[in-house]
Amino acid sequence: MKMLTEEELIQIRRHLYQIPELALQEFDTHQYLVETVASFNQAFLEVRTFKELPTALIVLVHGQNPQRTIGYRTDIDALPVEEQTGLPYSSTHPGIMHACGHDIHMTVALGVLNYFSEHQPQDNILFFFQPAEESENGGKRAYELGLFSGKWKPDEFYGLHDNPDLPAGAIGCRMGTLFAGTTEVNIDLNGKGGHAAYPQNANDTVVAAASLILQVQTVISRSIDPIQSGVITLGKIDGGTIRNVIAGHTRIEGTIRGLTQTMIETIDNRLKDVCEGIGRSFNMDVSLELNQGGYWPVENNPELTKRFIHYMEETPTVNFIETEPAMTGEDFGYLLAKFPGTMFWLGVEDDSQLHSATLTPNEKAIKRGVDAITGFLEYRMQN
């Protein structure tokens with residue numbers, strides 16, 4: 001197998017783009033990845049699949065004289081979005097689309113892997129093709145299933161996310177937190193239903209929910225350092241069945257975002273206090289469910305990230321941009337809480353945003369990303 005050309009990388013990307021699959025259902029994608037890796041030079045490669053997580057794939061490139069194992073992760077799942085790009089190579093799976101650019105992520109990873117299959121690295125490099133980033137906590141699942149043990153344990157981990165706001169092929173990164181962590185929020189208020197004309201005989205959960213929503217707005221403004229960043233969005237409320245019946249049950253669903261795990265836990269605890277207070281004030285049961293899953297803040301390791309940024313800044317062929325933290329979530333944060341590492345952006349230059357039905361990444365980003373990452377990994381093995 002010769003080195004992949006830019007055109008071949010683009011064709012790989014377009015094939016992956018046409019077969020998007022949801023979390024833990026990435027069977028066609030997994031098969032294509034396995035077949036593509038099998039077409040590479042196998043002299044230094046060791047491939048591993050898992051019954052416990054059947055769409056996951058790990059490829060270990062054995063180094064010449066390994067002093068460490070460097071991990072590189074890419075996610076492989078797609079989103080339940082009906083595509084509206086009009087591209088000739090559009091999704092062939094109705095209602096599912098690579099609206100977050102994981103097709104770009106996978107293609108770049110394959111390009112880097114292909115390079116090191118032809119140029120044996122000094123250290124070991126472990127490539128993790130991860131299912132279920134968008135939901136179902138794929139990174140956390142993999143860790144808890146013990147996929148990273150023995151010779152499969154990375155000493156450090158790297159990964160990218162595409163960014164339509166950056167020029168095609170640009171590398172963006174920052175010290176500290178790159179992505180926020182998240183907690184998914186479910187609140188159930190249980191009171192007593194009744195006739196709208198006799199409120200004294202009922203216990204109205206809609207009124208209690210309204211009070212709860214208003215009080216929650218003070219959590220960020222009065223409990224969080226204004227220099228820091230946090231978000232609570234209660235995006236869905238469902239209560240009542242008809243205009244003249246007092247609702248005995250109301251459900252609220254939302255999300256919490258924060259730039260550090262400590263901040264998220266602070267917001268979680270304040271929300272618990274608010275729910276307990278509403279329950280006492282309105283004499284009803286208020287049940288709060290907080291689900292962090294594996295979506296912890298993506299906190300870049302200081303030492304490794306300083307080295308990463310230095311390489312990108314000093315390399316003439318790389319367009320490096322220092323970026324601000326984003327309130328979007330990414331489950332690579334869970335793995336970075338277990339292994340030191342760095343996450344960074346790859347610019348794909350598009351007017352549409354991530355998760356939109358019209359996202360059309362600039363394919364020039366692929367080869368530029370491959371070159372920047374292979375260069376960094378070679379530099380890392382010497383520094």
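In this chain, residues are counted from 1 in sequence order.
Taking 4.0 Å as the cut-off between side-chain N and carboxylate O, Asp273 and Arg270 count as a salt-bridged pair. No salt bridge links Asp238 with Arg251; every basic N to acidic carboxylate O contact stays at or beyond 4.0 Å. Remark: Asp268 does not engage Lys272 in a salt bridge, criterion side-chain N to carboxylate O under 4.0 Å.
No single ILVMFWY cluster, assembled from side-chain heavy atoms under 4.5 Å apart, contains both Tyr295 and Met263. Under a hydrophobic-cluster definition in which Ile, Leu, Val, Met, Phe, Trp and Tyr are linked whenever side-chain heavy atoms come within less than 4.5 Å, directly or via other members, Ile256 and Leu234 are assigned to the same cluster. In terms of hydrophobic clustering, with Ile, Leu, Val, Met, Phe, Trp and Tyr side chains grouped at heavy-atom distances under 4.5 Å, Leu259 and Leu335 are assigned to different clusters. Ile232 and Ile237 fall within a single hydrophobic cluster, where Ile, Leu, Val, Met, Phe, Trp and Tyr side chains are chained together by heavy-atom contacts under 4.5 Å. Cluster membership check: Val245 does not share its hydrophobic cluster with Val207, using side-chain heavy-atom separations under 4.5 Å among Ile, Leu, Val, Met, Phe, Trp and Tyr.
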Derivation and outcome, side-chain contact (heavy atoms from CB on, under 4.5 Å), residues Tyr72 and Ile373 | CA-CA 10 Å; Tyr72 185 85; Ile373 296 163; 3.5 Å; yes
Give the C-alpha distance, both sets of side-chain angles, the deciding distance and a yes or no for side-chain hydrogen bond (donor to acceptor under 3.5 Å, both in side chains) between Gln292 and Gln261.
-> CA-CA 10 Å; Gln292 275 191 9; Gln261 193 64 20; 2.7 Å; yes
side-chain contact (heavy atoms from CB on, under 4.5 Å) between Asp77 and Thr55, intermediate numbers included = CA-CA 10 Å; Asp77 58 327; Thr55 54; over 6 Å; no
Any chance you could lay out the side-chain contact (heavy atoms from CB on, under 4.5 Å) test for Phe344 and Phe320, step after step, and finish with the verdict?
-> CA-CA 10 Å; Phe344 54 96; Phe320 178 77; over 6 Å; no
Intermediate values then yes/no, ring pair (Phe, Tyr, Trp, His ring centres under 6.0 Å), Tyr89 and Tyr17 | CA-CA 8 Å; Tyr89 51 88; Tyr17 185 82; 5.7 Å; yes
Could you go step by step and tell me if Thr342 and Thr305 meet the side-chain hydrogen bond (donor to acceptor under 3.5 Å, both in side chains) rule?
-> CA-CA 6 Å; Thr342 299; Thr305 305; 2.8 Å; yes
Thr205 and Phe282: CA distance, side-chain angles, deciding distance, side-chain contact (heavy atoms from CB on, under 4.5 Å) verdict = CA-CA 8 Å; Thr205 59; Phe282 288 87; over 6 Å; no
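Ile58 places none of its side-chain heavy atoms less than 4.5 Å from the side chain of Glu46. Contact of the Ile252 side chain with the Leu189 side chain is registered, since non-hydrogen atoms from C-beta on lie closer than 4.5 Å. Within the 4.5 Å cutoff, side-chain heavy atoms of Ile19 are placed close to those of His93. Considering only heavy atoms from C-beta on, Thr360 comes within 4.5 Å of Leu87 through its side chain. Taking the side chain as every heavy atom from C-beta outward, Pro54 and His30 never approach each other to under 4.5 Å. Contact check for Thr328 versus Leu354: no side-chain heavy atoms found under the 4.5 Å cut-off. When side chains are defined from C-beta on, Ile366 does not count as touching Glu6, because their heavy atoms never get closer than 4.5 Å. Under the 4.5 Å side-chain criterion, counting only non-hydrogen atoms from C-beta, Leu336 is not in contact with Asn301.
Ring geometry for Trp345 versus Phe179: interplanar angle of 30 to 60°, hence tilted. Ring-plane geometry between His102 and His98 is classed as tilted, the angle between the planes lying from 30 to 60 degrees on a 0 to 90 degree scale.
Of the residues listed (Thr323, Val348, Ile171), the one engaging Leu166 in a side chain to side chain contact (heavy atoms under 4.5 Å, CB included) is Thr323, and it is the only one. Checking each of Glu133, Met106, Gln130 against Ile76 for a side chain to side chain contact (heavy atoms under 4.5 Å, CB included) leaves exactly one that passes, namely Met106. In summary, of the residues considered (Arg141, Arg73, Lys140), a salt bridge (Lys or Arg N to Asp or Glu O under 4.0 Å) with Asp331 occurs for Arg73 alone.
Nearest heavy atoms, Thr85 versus Ser90: OG1-OG, 3.7 Å. Across all their heavy atoms, Leu4 and Leu9 have their closest contact at CD1-CD2, 3.8 Å.
Asn319 pairs by the side-chain hydrogen bond (donor to acceptor under 3.5 Å, both in side chains) definition with nothing, not counting sequence neighbours. Scored by the ring pair (Phe, Tyr, Trp, His ring centres under 6.0 Å) test, His195 finds Tyr198 as partners (sequence neighbours excluded). Checked against ring pair (Phe, Tyr, Trp, His ring centres under 6.0 Å), Phe27 has no partners two or more places apart in sequence or in another chain. Every residue meeting the side-chain hydrogen bond (donor to acceptor under 3.5 Å, both in side chains) condition with His249, not counting sequence neighbours, appears here in chain and number order: Asp188.
With values rounded to the nearest 0.5 angstrom, Glu83 atom CD is found 6.0 Å from Ser91 atom OG. Summarising the geometry, atom CD1 belonging to Ile278 is positioned 9.0 Å from atom CE belonging to Met284; distances are rounded to the nearest 0.5 Å. Separating the CH2 atom in Trp296 from the OG1 atom in Thr260 is a distance of 12.0 Å, to the nearest 0.5 Å. Once rounded to the nearest 0.5 Å, the distance linking CG of Leu57 with CZ of Phe127 reads 11.0 Å. With values rounded to the nearest 0.5 angstrom, Ile267 atom CD1 is found 11.5 Å from Arg257 atom CZ. Taking CG of Leu16 as the start and CD of Glu21 as the end, the distance is 10.0 Å to the nearest 0.5 Å.
Atom CD of Gln120 has more than 12 neighbouring heavy atoms from other residues, nucleotides or ligands inside a 6.0 Å radius. Taking a 6.0 Å sphere around CG of Asp351, one finds it holds 12 or fewer heavy atoms contributed by other residues, nucleotides or ligands. For Lys338, the NZ atom is densely surrounded, since the number of other residues' heavy atoms within 6.0 Å is greater than 12. Within 6.0 Å of atom CD in Glu322, 12 or fewer heavy atoms from other residues, nucleotides or ligands are found, so the atom counts as exposed in its surroundings.
Taking the six-membered ring where the residue is Trp, the centroids of Phe157 and Phe148 are separated by under 6.0 Å.
The stretch residues 372-383 participates, sequence neighbours left out, in these side chain to side chain donor-acceptor pair (under 3.5 Å) pairs: Tyr115-Glu378, Glu156-Arg380.
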For residues 306-313, please give each side-chain donor-acceptor pair under 3.5 Å, one per line with the distance, not counting sequence neighbours.
none

